[in-house]
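In what follows, every chain begins at residue 1, and chains take the letters A, B, ... in the order their sequences are listed.
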Number of protein chains: 2
Amino acid sequence: MTTTTPGRRERLRAETVTEIKHAARRLLVAGGPTAISLRAIARDLGMTAPALYRYFASLDALILAIVTDLFEDLRATVADAAVAHGDEEPLARVGYMARAFRRWSLDRPAEFALMFGSPVPGVTPFAERCGPLNDAGARFGETFFTVLGEHYARHPFGGEAPDLPDPALRELFKPYLDIFGDRFPLPVIYLFVAAWTRLYGIVAMEVFGHLRWAMTDVEPLFEVELARTVSRLAR
Amino acid sequence: MTTTTPGRRERLRAETVTEIKHAARRLLVAGGPTAISLRAIARDLGMTAPALYRYFASLDALILAIVTDLFEDLRATVADAAVAHGDEEPLARVGYMARAFRRWSLDRPAEFALMFGSPVPGVTPFAERCGPLNDAGARFGETFFTVLGEHYARHPFGGEAPDLPDPALRELFKPYLDIFGDRFPLPVIYLFVAAWTRLYGIVAMEVFGHLRWAMTDVEPLFEVELARTVSRLAR
DNA sequence: TGCGAGGGTAAACGGCGTTCACTGGGTTGG
DNA sequence: CCAACCCAGTGAACGCCGTTTACCCTCGCA
């Protein structure tokens, strides 16, 4: 009866892995990043905690896998926003991607905190040199660079350099260049990183509630800043 | 022998409180926010954990007190930077304050994470309506508003409104107005909040290491963004 | 049919926040 | 001067947590 597919064992194993991740995400949205615990997950799945070590080497490894999945989820959402407006100008599509990023983050504050919040341990994020996460981050960046590439293919960059000579920029952005190569003029890289920090700043502030002391609704601020930032990319 | 000063008991108590806070901060810088534990503090002080409940109602209460102290420390540092350049233009002083904020944060990544990082619990920061912290935050904002006030006293604001009519801005910034009153034109409040989110964004990104994939040194980016943002306040 | 690998368990260790009953010494009022 | 009281501090306990170890049982394959 049981089809002897060569991967039957593996299939059950994969199902258990996704069940574990699902339980972890339930705990995450229910109680924040610190609410993820192996014992609670095991309770949810009707198992005991040590059994989970057959699937993940540690709690940190599990959380790392979840963060990686979340990055892929976010990437797909942002990419969808770009293709949904595929008939518009590339820079306009960047705006829709930024809005998709904001919406995704506001809808998933716990997940956002896990991905972009303070990487607690010592000082360094646990994401230092851990393959899968770096790959996910690279694919996330790639979705932006693809659309930006379309724009600069149509409108060559003629903006001003930010007071820094190209050799200095090349040294400054060595990590970026090592990952993505130099497909863009160096000032464009500069402007993109600046835009990304602005986008992150305003979204993180809003998600973490750090602006509630000042304003009731961050969206108008977001839209104005987005327009300014995108237009800066258009020089 | 023992001088019966009416506050002797209170003095010993206050000393113990600061000892507890010092131990907590040692743990914080050594292992990040999650490393703060009552039992470890008690070990450091040669006490048992339950004794700490004579001084703080819970671990959260202790952490809240520490965050409040840190805000005061940061505020004083930023204010010092302003008075150290008291002979310069107010907007230039705002720049020095921003640099002091960045330097303080880079030198104290764990403290920064505790203050500005993800407020884990459910969704809301535990800082919702807790008197002392709100007061500290208000004093922190006040140091900026004081210098900004000096500037606009000399150079009346003549910039453009950010596409939003004043009544809408007044509604938008109701929380701010309730705390600080309307000492500035509404567009100025808008520009300040925008500037604050940019400052927070770039500093948080740098402290959390979220820019290491791209660049080796964030300072040039910080300086350019700071110059742009401050000049925007000068309209 | 036998066997090995892999999924699962119970028990245990050490660490955590927090509560509770209790003690002992300094403070204070009579 | 002494009794009463207050209060810092203790020890034990409860229920969480991650993780390790030794063990078991069952499935799948040779």
Side-chain angles (χ1 to χ4, degrees), chain A residues 1-24 26-28 30-67 114 120-122 126, chain B residues 1-24 26-28 30-67 114 120-122 126:
Chain A
M1 200 47 139
T2 65
T3 59
T4 174
T5 65
R8 194 198 148 194
R9 211 83 182 151
E10 283 80 0
R11 188 173 49 81
L12 290 182
R13 185 178 174 82
E15 280 176 15
T16 307
V17 166
T18 68
E19 273 183 53
I20 293 172
K21 287 180 179 176
H22 279 33
R26 276 195 300 272
L27 291 168
L28 172 64
T34 61
I36 305 177
S37 87
L38 291 179
R39 292 187 121 110
I41 294 169
R43 265 194 305 273
D44 267 25
L45 304 191
M47 300 197 297
T48 60
L52 299 176
Y53 283 82
R54 300 281 173 194
Y55 301 91
F56 295 94
S58 69
L59 175 64
D60 274 358
L62 167 58
I63 289 179
L64 196 90
I66 292 174
V67 171
L114 190 62
V120 264
F126 67 124
Chain B
M1 196 52 133
T2 64
T3 58
T4 173
T5 65
R8 195 200 145 190
R9 211 80 181 154
E10 283 79 359
R11 187 173 50 81
L12 290 182
R13 186 179 172 80
E15 281 176 15
T16 307
V17 165
T18 67
E19 272 182 54
I20 293 172
K21 286 179 179 175
H22 279 32
R26 276 195 300 272
L27 292 168
L28 172 64
T34 61
I36 305 177
S37 88
L38 292 179
R39 294 187 120 110
I41 294 170
R43 263 194 307 273
D44 267 25
L45 303 191
M47 300 197 300
T48 59
L52 299 176
Y53 283 81
R54 299 281 169 192
Y55 302 91
F56 294 95
S58 68
L59 175 64
D60 274 359
L62 167 58
I63 289 179
L64 196 90
I66 292 174
V67 171
L114 190 62
V120 264
F126 67 123

Please report the shortest heavy-atom distance between [X] and [Y], naming the atom on each side.
X       : Y       : value
B/Ala24 : B/Ile36 : O-CG1, 3.9 Å
B/Leu27 : B/Ala40 : CD1-CB, 3.7 Å
B/Phe56 : B/Ala65 : CE2-CB, 3.9 Å

If we only count heavy atoms from C-beta on, is the [X] to [Y] side-chain gap below 4.5 Å?
X       : Y       : answer
A/Pro33 : A/Leu28 : yes
B/Lys21 : B/Tyr55 : no
A/Ile41 : A/Leu62 : yes

Using whole Å, report how far [atom1] of [X] lies from [atom2] of [N].
X       : N      : atom1 : atom2 : answer
A/Leu52 : C/dG6  : CG    : P     : 18 Å
B/Leu45 : D/dG9  : CG    : P     : 9 Å
A/Tyr55 : C/dT9  : OH    : C1'   : 13 Å
B/Met47 : D/dG11 : CE    : P     : 13 Å
B/Glu10 : C/dT27 : CD    : P     : 11 Å
B/Phe56 : D/dC7  : CZ    : P     : 17 Å

Hey, can you pull the residues of residues 14-24 of chain B with a non-hydrogen atom under 4.0 angstrom from DNA chain D?
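The stretch gives none, as no residue of it lies under 4.0 Å from the strand.
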
On the nucleotide C/dG6, are OP1 or OP2 found under 4.0 Å from the side-chain N or O atoms that A/Arg13 carries?
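No, because none of the side-chain N or O atoms of A/Arg13 sits under 4.0 Å from OP1 or OP2 of C/dG6.
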
Let me have the donor-acceptor pairs involving side chains of residues 13-20 of chain B, under 3.5 Å, with sequence neighbours excluded, atom names and distances please.
{"from": "B/Arg13", "atom 1": "NH1", "to": "B/Arg54", "atom 2": "O", "distance (Å)": "3.2"}
{"from": "B/Arg13", "atom 1": "NH2", "to": "B/Arg54", "atom 2": "O", "distance (Å)": "2.5"}
{"from": "B/Glu15", "atom 1": "OE2", "to": "B/Arg11", "atom 2": "NH1", "distance (Å)": "3.4"}
{"from": "B/Thr16", "atom 1": "OG1", "to": "B/Leu12", "atom 2": "O", "distance (Å)": "3.0"}
{"from": "B/Thr18", "atom 1": "OG1", "to": "B/Glu15", "atom 2": "O", "distance (Å)": "2.9"}

Apply side-chain contact (heavy atoms from CB on, under 4.5 Å) to A/Val67 and A/Ile63, showing your working.
CA-CA 6 Å; A/Val67 171; A/Ile63 289 179; 4.3 Å; yes

Going 5' to 3' along nucleotides 10-22 of chain C, which nucleotides have protein heavy atoms under 4.0 Å from the base (write B), which only from the sugar-phosphate (write S), and which from neither (write -)?
BBB---BBBBB--

